[in-house]
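Written out below as structure tokens is the structure these notes cover.
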Amino acid sequence: MSRTTASDNLVWNNPLIRRYARSLFRRSHLWVYLTIYISVVLLLLFLNVVGRELDEDSAIGRTFFQGLYSQFLMAEIAILWVWSALNSRSALREEVANKTYDFFRLLPLSALQKAVGILVGKNLLCLLLAVVTLAAMTLFGLLGGLPVSFQAQILLLVSSVAFCVNAVVLLSSSASPKRRGKMGVGLWLVLLVFFGPLVFGPGLALLRVGAGLQEATTHHVPFYSIEVPVLMLIIFLALYFGLWSLLGVLRKFTFEGAPLFSRPAAVLFLLGYELIVLGLFLPHLPGGESLFYFYWLIVSLLPVVFVPVGSINDRATYLEALGRRPAHPGSAGQGMRSLLLQQCNLSLGIVLFAIWLVFFVIVSHSERIATAQLIKDAVVLASCYVFLLFLLELCVVYEPIHGKIRVLIMFVLLLYLFLPLILAVTLAVPSLHLYSPLGFLADFVSFATPRRADFWMAILGVNVALGVVPALAIRRQYMQILALRRTM
């Protein structure tokens with residue numbers, strides 16, 4: 001009797017892959033894609049040969065084959081980064097359109113088997129054509145004198161980015177497969193904000209090489225105190241975010257309706273993200289240039305703001321958590337209040353901000369920021385962040401009672417972010433822009449003479465005053481949740 005391994009269950013014995021294979025490799029479908037692919041390949045070869053023949057001063061040699069290698073590399077990228085991503089994104093939407101999504105949910109498969117089934121099964125034809133393109137690339141690369149190590153790095157780069165892109169788009173579609181384009185677009189924006197700044201730095205360094213891809217394999221960028229090949233750094237970033245996206249997909253498949261991050265995962269993701277960002281920016285910070293300090297501040301704050309949104313526990317989750325605690329007389333009330341505070345979104349946000357604050361202190365000391373100024377900045381940023389957490393928690397505790405509370409909260413958020421900026425321009429009082437978190441962060445560009453130092457007490461007072469009413473409203477709902485739990 002043959003032994004079935006875990007890899008067999010993931011790929012070879014995966015019913016989703018077999019199902020997609022039967023659809024993709026039908027003769028009525030297969031010949032269309034093969035005809036298009038062969039036509040494009042022949043057209044590329046024809047144009048290159050004709051172009052070379054028309055150029056009387058050049059002969060077919062290494063440069064010719066290196067040009068073919070680059071063109072087939074672009075084709076490989078189009079297949080693995082664009083075509084396969086479209087296939088992965090459409091998988092769950094097709095299940096909904098065909099009214100088979102409920103059947104998909106009830107399949108006796110693990111979350112990992114479902115994810116691999118979609119990522120591999122929907123892209124079987126892409127993978128087949130990618131292998132053929134890779135074989136042609138390798139042949140042209142060898143004929144063009146490209147080192148095997150260079151080709152291996154390019155292959156690793158293309159594969160890792162393809163994995164990241166496909167995992168991200170599958171996560172986007174799994175967030176709300178039954179709603180076309182709403183949550184998906186929002187999640188795409190968040191992912192762009194997260195990943196864009198981290199990939200931008202190494203990508204810019206890659207573009208600065210200028211001489212071509214082959215030189216990029218020897219180009220290095222600083223990461224902490226070591227020099228890292230820029231291609232390997234991009235590969236590492238792609239694998240890091242790809243793995244986190246895959247974990248998000250597995251969580252969505254396992255706990256439908258659950259937040260994207262569990263609380264431990266939110267902390268681990270933030271730690272990893274901040275360590276990566278610190279490694280990218282730290283070599284440039286001791287030079288005393290405020291722009292690097294400002295860029296680090298913006299990039300490092302992004303997950304502190306957005307991760308709590310992806311980790312929201314709703315009112316029903318609070319009641320469920322309290323329900324798992326056996327009710328005992330005497331100290332039951334105190335224990336339930338403590339448990340509620342541990343489970344609430346406010347506590348997670350505060351933990352995430354405390355982690356970021358450690359990195360903020362490290363970077364500020366590296367930039368030789370005065371301790372007094374560091375404390376003032378930390379206090380004001382904390383007050384802004386707590387007010388934003390209050391707005392988020394108001395949505396959570398009041399949405400089951402007032403369905404349109406989210407619209408009101410969004411209006412208050414827009415006023416908080418942009419009204420001081422508008423008043424600063426309208427009233428010709430530049431200092432008013434500091435009362436907006438956006439304006440306060442923009443003042444970090446002024447490294448030599450920061451204006452925020454003169455107004456930090458006033459800004460703190462405004463944030464505290466704004467937070468009183470939301471804090472009282474949240475406390476009232478917490479008391480109602482505890483009272484409801486006692487009656488259950």
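The chain is numbered in sequence order, starting from 1.
- Although no hydrogens or angles enter the test, the distance criterion places a donor-acceptor pair under 3.5 Å between the side chain of Ser347 and the main chain of Leu341.
- Side-chain atoms of Ser366 do not come within 3.5 Å of backbone N or O of Ile362 as any donor-acceptor pair.
- The distance from atom OG of Ser90 to atom CG of Leu170, rounded to the nearest 0.5 Å, is 10.5 Å.
- The two residues Ala85 and Val165 have their closest heavy-atom pair at CB-CG1, 3.6 Å.
- Donor-acceptor pairing under 3.5 Å is recorded for the side chains of Asp314 and Thr317.
- Within the 4.5 Å cutoff, side-chain heavy atoms of Leu231 are placed close to those of Ile154.
- In this structure, the side chains of Phe269 and Leu247 stay at 4.5 Å or more apart for every pair of heavy atoms.
- Remark: the backbone N or O of Phe103 is not paired with any side-chain donor or acceptor of Thr100 at under 3.5 angstrom.
- Asn87 approaches Cys126 most closely through the heavy-atom pair ND2-SG, 3.3 Å.
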Item to check | Residue pair Glu95, Lys114: steps toward the salt bridge (Lys or Arg N to Asp or Glu O under 4.0 Å) verdict | outcome: CA-CA 13 Å; Glu95 298 287 351; Lys114 291 180 180 179; over 6 Å; no
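- A distance-only check finds a donor-acceptor pair linking the side chain of Arg263 to the backbone of Gln343 [under 3.5 Å].
- The main-chain N or O of Tyr20 is never found under 3.5 Å from a side-chain atom of Ser23 such that the two would form a donor-acceptor pair.
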Next on the checklist: I'd like to know whether Gln480 forms a side chain to side chain contact (heavy atoms under 4.5 Å, CB included) with Arg315, so could you lay out the CA-CA distance, the side-chain angles of the two residues, the decisive distance to 0.1 Å, and finally the verdict.
Outcome noted: CA-CA 11 Å; Gln480 290 187 7; Arg315 189 185 179 109; 4.1 Å; yes
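- The line from OG of Ser300 to CG of Leu275 is 12.0 Å long, rounded to the nearest 0.5 Å.
- More than 12 heavy atoms of other residues, nucleotides or ligands sit less than 6.0 Å from atom CE of Met479.
- The two residues Gly439 and Leu434 come nearest to each other via the heavy atoms O-CD2, 4.1 Å.
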Checklist entry - After noting the C-alpha distance and the side-chain angles of Met232 and Ile235, does the key distance pass the side chain to side chain contact (heavy atoms under 4.5 Å, CB included) rule? => result CA-CA 5 Å; Met232 298 307 297; Ile235 291 168; 4.0 Å; yes
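- Between Pro222 and His284, some side-chain heavy-atom pair lies under the 4.5 Å cut-off.
- Atom CD of residue Gln477 and atom CG of residue Leu482 lie 11.0 Å apart, to the nearest 0.5 angstrom.
- Taking 4.5 Å as the limit, some side-chain heavy atom of Ile276 sits within range of a side-chain heavy atom of Phe236.
- Ring pair Phe241/Tyr273 is perpendicular by interplanar angle, where above 60° counts as perpendicular and below 30° as parallel.
- Within the 4.5 Å cutoff, the side chain of Leu92 has heavy atoms near those of the Ile118 side chain.
- Between the side chains of Tyr293 and Ser364, at least one donor N or O sits under 3.5 Å from an acceptor N or O.
- The heavy-atom pair separating Tyr240 from Leu268 by the smallest distance is OH-O, 4.3 Å.
- No side-chain heavy atom of Asn313 sits under 4.5 Å from any side-chain heavy atom of Cys344.
- In plain terms, the two heavy atoms of Pro283 and Tyr224 that are nearest each other are CG-O, 3.1 Å.
- Considering CG of Asn123 and CG of Leu80, their distance stands at 8.5 Å, rounded to 0.5 Å.
- The main-chain N or O of Leu157 is found under 3.5 Å from a side-chain atom of Ser160 such that the two form a donor-acceptor pair.
- Distance CD1/Ile226 to NE2/His220: 9.5 Å, rounded to 0.5 Å.
- Looking at Trp244, its side chain never comes within 3.5 Å of a backbone N or O of Ala265 through a donor-acceptor pair.
- Rounding to the nearest 0.5 Å places CG of Leu280 at 15.0 Å from OH of Tyr295.
- Side-chain rings of Tyr33 and Trp83 approach one another, their centers coming within less than 6.0 Å.
- You'll find the side chain of Arg251 reaches within 4.5 Å of the side chain of Pro259, heavy atoms only.
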Checklist entry - After noting the C-alpha distance and the side-chain angles of Leu171 and Leu260, does the key distance pass the side chain to side chain contact (heavy atoms under 4.5 Å, CB included) rule? => result CA-CA 9 Å; Leu171 176 61; Leu260 180 60; 3.4 Å; yes
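- Checking side-chain atoms of Asn345 against main-chain N and O of Leu392 turns up no donor-acceptor pair under 3.5 Å.
- Taking the six-membered ring for Trp and the full ring otherwise, the centers of Phe353 and Trp356 sit less than 6.0 Å from each other.
- No side-chain donor-acceptor contact under 3.5 Å links Ser159 to the backbone of Leu156.
- When side chains are defined from C-beta on, Leu408 does not count as touching Tyr398, because their heavy atoms never get closer than 4.5 Å.
- In this structure a side-chain-to-backbone donor-acceptor pair under 3.5 Å is missing from Lys122 to Leu86.
- There is no side-chain donor-acceptor pair under 3.5 Å between Tyr385 and Asn463.
- Separation of the Phe104 and Phe253 ring centroids falls under the 6.0 Å cut-off.
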Item to check | Leu348 vs Phe261, side chain to side chain contact (heavy atoms under 4.5 Å, CB included): CA-CA, chis, key distance, verdict | outcome: CA-CA 11 Å; Leu348 176 62; Phe261 290 100; over 6 Å; no
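- What you find for Val307 and Ala266 is that their closest heavy atoms are CG1-CB, 3.6 Å.
- Heavy atoms of other residues, nucleotides or ligands lying less than 6.0 angstrom from CZ of Phe255 number 12 at most.
- Shown here is Arg406, whose CZ atom has no more than 12 heavy atoms of other residues, nucleotides or ligands within 6.0 Å.
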